[in-house]
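Structure, as structure tokens:
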Amino acid sequence: QDIGVSMALFDDNFLTVLRNGLDAKGKELGVGLQIEDAQNDVAKQLDQINNFIASGVSAIIVNPVDTSATQAMSDAAAAANIPLVYVNREPVNVDTMPDNQAFVASNELDSGTLQTKEVCRLFKDAGKTEANIYVIMGELSNQAAVMRTKDIHDVIAGPDCGVKVNILDEQTSNWSRDLAQNLMTNWLSTGAAFDGVIANNDESAIGAIQAMKASGVDMATVVVAGIDATQDALAAMQAGDLDVTVFQDAAGQGAGALDAAIKLSKGEAVEQKVYIPFQLVTPANIGDFLAKN
Amino acid sequence: MSQTTHGLGGLKYDPTKKARAPEWNVFFALVGIIIVFELIGRLFMGDSFLFNTRDNVDTLFNQARLQIIILQVSIVGIIAIGVTQVIITGGIDLSSGSIVGATAMIAMSFAQVAMVNGNPNPKAIFGDLGWMDLPVIVPVLVGLSCGVVAGLINGSLVAYTKIPPFIATLGMMVTARGIAKWWSKGNPISFPTDSYALIGKGMTPVFLFVVLAVLFHCIMTYTKYGKHCYAIGSNEAATRMSGINVDRHKVLVYVIASGLAAFAAIVLSSKNLTAQAGMGVMYELDAIAMAVIGGVSLQGGRGSILGTVLGALIFGVIISGFTFLKLDAYYQEMVKGVIIVGAVVLDQWRQQSRSRGK
Amino acid sequence: MSQTTHGLGGLKYDPTKKARAPEWNVFFALVGIIIVFELIGRLFMGDSFLFNTRDNVDTLFNQARLQIIILQVSIVGIIAIGVTQVIITGGIDLSSGSIVGATAMIAMSFAQVAMVNGNPNPKAIFGDLGWMDLPVIVPVLVGLSCGVVAGLINGSLVAYTKIPPFIATLGMMVTARGIAKWWSKGNPISFPTDSYALIGKGMTPVFLFVVLAVLFHCIMTYTKYGKHCYAIGSNEAATRMSGINVDRHKVLVYVIASGLAAFAAIVLSSKNLTAQAGMGVMYELDAIAMAVIGGVSLQGGRGSILGTVLGALIFGVIISGFTFLKLDAYYQEMVKGVIIVGAVVLDQWRQQSRSRGK
Amino acid sequence: MSDIILETRGLTKRYGGVHALEDANFVLRKGEHIAVVGDNGAGKSTFVRQITAVEQKSGGQVFFDGREVNFSGPLEARESGIETVFQTLALADDLDVPSNLFLGRELFKFRLGPFSVLDRKTMRERTLEALKTTAVKIPNVDNPIRNMSGGQRQCVSIARTAAFASKLVIMDEPTAALGVQETAQVENIIRGLKERGVPLILVSHNLRQVFDLVDRIVVFRRGRIVASLNKDETDGNDIVSYITGVKGIGAEASHA
Amino acid sequence: MSDIILETRGLTKRYGGVHALEDANFVLRKGEHIAVVGDNGAGKSTFVRQITAVEQKSGGQVFFDGREVNFSGPLEARESGIETVFQTLALADDLDVPSNLFLGRELFKFRLGPFSVLDRKTMRERTLEALKTTAVKIPNVDNPIRNMSGGQRQCVSIARTAAFASKLVIMDEPTAALGVQETAQVENIIRGLKERGVPLILVSHNLRQVFDLVDRIVVFRRGRIVASLNKDETDGNDIVSYITGVKGIGAEASHA
Ligand SMILES: Nc1ncnc2c1ncn2[C@@H]1O[C@H](COP(=O)(O)OP(=O)(O)OP(=O)(O)O)[C@@H](O)[C@H]1O
Ligand SMILES: Nc1ncnc2c1ncn2[C@@H]1O[C@H](COP(=O)(O)OP(=O)(O)OP(=O)(O)O)[C@@H](O)[C@H]1O
Ligand SMILES: [Mg+2]
Ligand SMILES: [Mg+2]
């Protein structure tokens with residue numbers, strides 16, 4: 001029994017953990033997994049699915065590059081009558097999927113919201129009524145980056161925040177630590193005062209932290225938030241540099257997706273939608289997450 | 001006097017010993033790679049790469065595999081047809097991948113349906129303007145115009161400001177990617193009309209690729225346009241002195257190349273039923289590699305569309321072969337790099353041994 | 001007889017009218033771009049780009065900005081020094097970005113500490129072997145060796161199999177990226193030793209960039225190595241006929257280029273305190289663009305390290321200028337593309353007007 | 001005035017500090033054949049490049065066919081009727097012989113703008129005819145020009161110019177690479193031009209040839225025109241003394 | 001045997017179906033000067049390219065300095081002592097004159113492998129001296145070769161060969177682009193080689209020059225050596241009849 005897996009991206013911290021979860025579960029159950037790297041290319045991903053179909057796999061797991069591109073994938077798999085499971089990102093056609101397709105994912109709306117609300121809370125606790133922040137976005141062509149940035153705007157514009165937060169500037173680091181470092185240094189060179197940095201991912205947050213430390217900024221006075229809860233981020237949090245991050249159970253999602261795929265290939269019924277929630281990570285509960293990602 | 005059909009006397013000339021067309025080498029490389037996959041499959045996996053081994057189907061070949069081999073390269077292949085022409089004139093086009101991204105976004109936004117599953121289209125870009133459910137000709141023309149405009153800019157920069165094509169198209173690459181992201185602020189655009197969805201459905205991309213390849217093969221071989229492409233790539237100054245309007249010709253070449261990239265974007269977005277700003281990343285390098293593997297010289301002046309098509313097929317076979325062999329994804333990239341280099345080394349080596357006199 | 005210092009008589013020659021070095025044009029472009037940013041800043045934002053406007057500091061210039069301008073390009077700049085040499089010999093190197101990725105991963109895995117915040121290092125690659133807390137020389141040498149090996153492969157392919165450098169280094173680009181991903185199966189590698197972290201700390205990258213630039217500028221100008229680079233790029237066949245071992249020279253050039261890329265990877269991973277497989281993506285294009293903006297001809301034979309350094313500074317100024325102007329991220333890419341093209345057009349235009357006789 | 005086909009007044013070209021051509025005043029009448037001679041590096045090819053607008057002149061005026069011209073490039077010069085064999089032959093190395101001969105003047109089977117279909121057969125036949133007038137031997141005209149010998153290339157270039165000659169022909173050292181027979185043939189082509197009344201500027205180092213073929217000889221020295229002599233009023237030694245500077249404007253300075 | 005410096009036996013070269021050189025048997029003795037003449041495209045340059053290993057021969061043997069050689073490239077040929085002026089001049093267009101003259105033989109201030117520091121001043125001075133022997137005029141030797149006239153380029157190439165002449169010198173149409181004075185100077189250089197006892201192969205279309213300079217004349221026709229005549233036993237007309245095929249091996253076939 002062979003199962004084909006198409007991952008959106010290999011060299012992504014979070015997706016690697018998910019992939020490792022899949023792999024471990026596969027070894028445990030003794031199923032052969034063939035994992036392909038779509039390198040963030042929707043078209044390549046669709047081709048990979050067609051290649052799996054040509055090889056006659058018994059089920060396909062897809063970590064979609066683009067959740068709005070899933071219709072064509074569902075169609076291809078349905079035509080060949082091969083079960084399909086989406087993992088980590090919710091497909092657009094979730095309501096019209098055929099019976100032998102399912103998804104296991106988190107709701108991307110939650111991550112940015114959790115993160116920004118916690119930042120608001122920290123500002124409030126520090127007794128501020130108004131705060132200036134910088135926002136570091138991920139790659140602009142990526143949906144997660146767009147969603148998370150939108151969440152930030154929604155929360156600070158909404159009633160839940162309680163503090164008046166001004167965004168001084170909003171730029172992209174393409175998810176990368178290095179560009180985030182340069183970006184932060186450029187911001188520091190303008191001399192404007194700020195109270196926090198919200199980044200779309202942990203790598204960018206760490207880059208900002210490194211730049212601030214190099215310029216002698218007191219890390220206790222700024223709030224820095226990321227998303228992913230990577231090991232580097234947790235270490236930064238332990239060191240008191242990073243204040244907020246968000247954890248999502250990558251390994252759990254991977255294992256869950258494989259379970260569903262195997263059941264579908266045997267013709268068993270599964271629950272079509274499985275949501276796995278995001279969890280907020282702060283210095284208070286960091287201990288629960290150290291061994292997870 | 002039988003020699004006069006070939007020339008004007010002088011040395012002894014034996015027309016039967018004419019050099020083999022370089023495309024043959026590429027063809028042999030393609031066949032060689034297929035045989036290697038087939039052999040590995042038979043020997044180590046008890047499965048066949050090309051032939052059908054499943055009981056529920058009764059065709060000789062594994063049809064699904066033959067189809068995907070061509071299908072997965074036909075879109076980059078369409079781009080490569082245009083890139084080949086640019087390279088033959090001695091230029092290079094790094095912008096095609098980004099033009100795919102930008103065109104896909106723009107064209108798709110004119111191809112959206114009003115209602116999805118009974119709800120208003122959540123991603124409608126021009127929903128406020130009511131520009132939905134437009135006839136398919138609108139997004140196609142809009143898309144092609146994007147390509148033509150990009151090509152005009154590329155071509156004019158190269159022809160009239162005399163900056164290196166590498167830089168002109170690099171600038172376009174960065175700019176077009178920026179436009180793609182800006183168009184819908186990074187959001188993907190989905191839910192096209194049924195008629196738009198037909199353009200890239202099933203094996204249609206393959207059909208379009210083949211038609212375009214044949215068309216441009218004839219153009220490059222039999223028309224003034226083609227002859228002048230080779231002349232410019234061979235010696236631009238001489239071509240200019242021969243009274244050819246090299247600048248205007250170059251603009252035309254870049255317009256055709258970008259037009260084909262835009263067309264590929266339309267097919268691609270239709271095939272995927274979505275457009276996103278990251279589409280087409282690195283396609284320019286794949287397209288160039290296909291052309292060069294197919295024997296097109298980056299010096300300009302030499303190569304053919306046929307060669308590029310063979311180069312594209314080599315790519316297709318490699319990708320499918322890797323999945324067939326269940327090669328670990330980590331190794332796929334490493335091996336792909338080696339095969340690209342290997343195919344060109346082989347070609348080079350055969351050409352050299354030929355020029356040694358036999 | 002005063003002419004004999006320049007030549008052998010014949011035409012009248014006026015040494016005072018000697019053509020201006022092309023680097024001046026690049027320098028003027030750089031100054032022009034700075035002035036534009038300064039003007040826009042003064043007129044529309046009430047702030048200065050270059051000068052200090054803060055009360056708590058009493059320097060004339062905005063020192064932080066001057067520093068970041070150079071700092072953010074010094075790593076790609078180091079790569080561009082090597083790429084410049086490759087381009088001058090008439091080649092091209094597309095692999096440098098991927099070599100950065102692979103080298104960073106490999107070097108970093110030999111530079112890890114045993115304990116992080118009191119816990120065992122969760123990411124230790126060679127934890128089982130106890131290869132942690134190694135002296136800094138180990139990862140540096142390992143990293144440089146990676147570069148040398150990659151360069152040997154690139155160079156040998158180009159020199160001995162005669163395949164186009166575009167393909168040889170494209171193959172290396174794909175392969176090295178595969179190696180980078182495979183090395184730690186996609187996981188990032190972090191937590192280096194303190195001594196390793198010193199290599200890229202603060203302004204050290206700038207210092208290293210400047211030292212390497214001066215060193216290689218002298219080498220290209222005053223030594224046999226440099227002279228032969230220009231000769232090969234100018235006319236490879238002639239250089240070969242002149243009795244120069246062109247093949248061996250090319251290998252050396254590619255080794256130096258990849259070695260510099262590997263060195264840049266070490267500095268980069270030390271600066272970031274982490275290594276990831278995706279590091280260095282697109283650096284090759286930035287490096288090439290810096291060189292070409294700096295007046296290095298992709299035809300080979302012309303250009304200088306000084307030009308490339310100026311090209312790098314143009315990049316740095318653009319990036320900082322955008323942040324200074326708070327330009328919307330969506331527009332940045334579009335404008336960046338336009339500026340790259342603009343800088344080269346300007347340079348081209350000045351050269352042409354000069355060759356018209358004045 | 002009306003019998004002057006080409007005139008230059010004060011034509012000047014500088015490369016950086018090198019004064020390659022200074023104040024050249026030159027007149028060519030209809031039907032006249034003029035030779036341009038001079039040392040290596042005297043500025044002869046530079047003079048040709050300014051007239052044909054391969055480069056932009058630094059100063060002076062060019063009159064062609066009765067009006068002042070400022071060609072923007074060789075394309076325009078050619079369209080006005082100036083055909084040139086350049087010293088660095090203007091051939092496309094990767095194309096075969098017929099394609100080179102007809103480059104920019106292809107014959108078509110049917111026309112469709114840039115996508116007009118070439119009539120390769122006719123072009124090939126006409127090529128063989130045109131080349132026969134130069135006596136050159138080429139075993140296979142389908143080979144690319146890259147593979148031709150120095151003399152074969154030169155003959156292709158000359159055949160092209162001769163075939164399309166119109167108002168003015170310029171040849172920069174056309175027979176330098178040619179063998180005995182081919183040189184004789186090319187000289188015949190030039191005589192043919194004379195009969196057809198096509199004016200010619202011939203740059204050559206071969207004084208025997210110059211005296212055989214042309215009406216007037218213009219001597220360049222150090223970027224200046226130092227003499228313009230009718231063939232009948234001079235001889236080889238006289239010309240050589242102008243070339244070497246024993247006679248003429250620069251005579252004193254040449255010993256500096 | 002020992003006074004033969006170069007010998008070829010059955011040397012053959014084919015390009016695809018083109019038989020450019022067939023069964024060439026050629027002998028050059030120490031100190032001897034030989035001219036190679038023949039029509040355009042007769043295979044003279046092809047012959048030179050096989051001896052100097054610019055291309056790999058299709059068949060036959062080459063003996064140099066007493067032993068059979070199979071040079072892998074021009075580098076090896078040069079290291080064995082064969083200096084050549086190629087018809088397509090082997091110059092690096094973007095480098096200035098001294099750099100071209102000393103290319104591959106640079107002088108150093110101090111040595112450090114590939115990073116040895118060049119002694120630019122001395123090279124420049126020696127360049128001016130070497131060029132003086134060719135009588136060429138170059139206003140500024142710091143300009144790149146790209147900007148030199150045809151004759152100037154040729155002179156740089158010749159000066160280089162003359163300066164480093166060792167066991168055998170080959171010149172492929174060295175004076176084709178040269179002016180009157182320069183040609184005379186180059187002929188003097190060749191006479192100098194004769195005095196120094198350096199053997200020479202001179203490819204030339206100029207029969208006057210050939211008879212002035214060499215001891216023996218080898219005629220190529222249609223890729224074959226059709227005659228090898230001592231200067232004193234022949235004359236211009238005789239040579240021309242061999243070149244055109246009136247005399248010699250191919251005499252009958254030439255009328256086919
Ligand atoms: N682009 C240039 N830059 C600088 N100097 C140049 C350039 N082009 C030509 N020259 C110089 O101008 C002078 C005249 O060159 P030109 O080619 O006109 O000589 P010529 O008379 O044709 O000589 P030849 O008989 O050798 O062909 C030469 O000294 C040459 O070095
Ligand atoms: N690479 C090649 N491929 C095919 N044919 C070639 C090639 N090189 C040379 N030839 C042909 O070989 C013949 C001999 O060329 P070669 O250059 O030896 O002539 P040559 O005697 O030097 O003539 P010239 O006096 O014009 O220089 C020519 O007909 C030429 O077209
Ligand atoms: Mg000249
Ligand atoms: Mg020859």
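Protein chains get the first letters and strands the later ones, always in sequence-line order, with residue 1 at the start of each.
There is no contact between B/L66 and chain A, counting heavy-atom distances below 4.5 Å. Within the 4.5 angstrom heavy-atom criterion, atoms from both the backbone and the side chain of B/K326 approach chain A. In this structure, chain A has heavy atoms under 4.5 Å from both the backbone and the side chain of B/K271. Contact of B/Q67 with chain A is not made at all, since no heavy-atom distance falls under 4.5 Å. Proximity to chain A (any heavy atom under 4.5 Å) is shown, for B/N187, by both the backbone and the side chain. Both the backbone and the side chain of B/L273 come within less than 4.5 Å of a heavy atom in chain A.
By a heavy-atom distance cut of under 4.5 Å, A/Q34, A/I35, A/E36, A/D37, A/Q39, A/N40, A/D41, A/V42, A/A43, A/L46, A/D47, A/N50, A/N51, A/F52, A/I53, A/A54 are the residues of residues 26-54 of chain A near chain B, going up by number. Within residues 278-286 of chain B, the residues having any heavy atom less than 4.5 Å from a heavy atom of chain A are, in residue-number order, B/G278, B/M279, B/Y283.
Note on residues 73-87 of chain A: pairs passing side chain to side chain donor-acceptor pair (under 3.5 Å), not counting sequence neighbours, are A/Q71-A/D75, A/S74-A/Y86, A/S74-A/N93, A/S74-A/Q101.
Residue A/Y275 places its OH atom among more than 12 non-hydrogen atoms of other residues, nucleotides or ligands, all under 6.0 Å distant.
Looking at residues two or more places apart in sequence or on another chain, you find a side-chain contact (heavy atoms from CB on, under 4.5 Å) between B/V113 and B/V116, B/N121, B/D133, B/F191, B/T193.
You'll find the side chain of B/R65 reaches within 4.5 Å of the side chain of A/S55, heavy atoms only.
Chosen from A/T149, A/D95, A/D2, the residue pairing most often with chain B at heavy-atom distances under 4.5 Å is A/D2. No other option in B/K201, B/K185, B/E333, B/R177 has as many heavy-atom pairs under 4.5 Å with chain A as B/E333.
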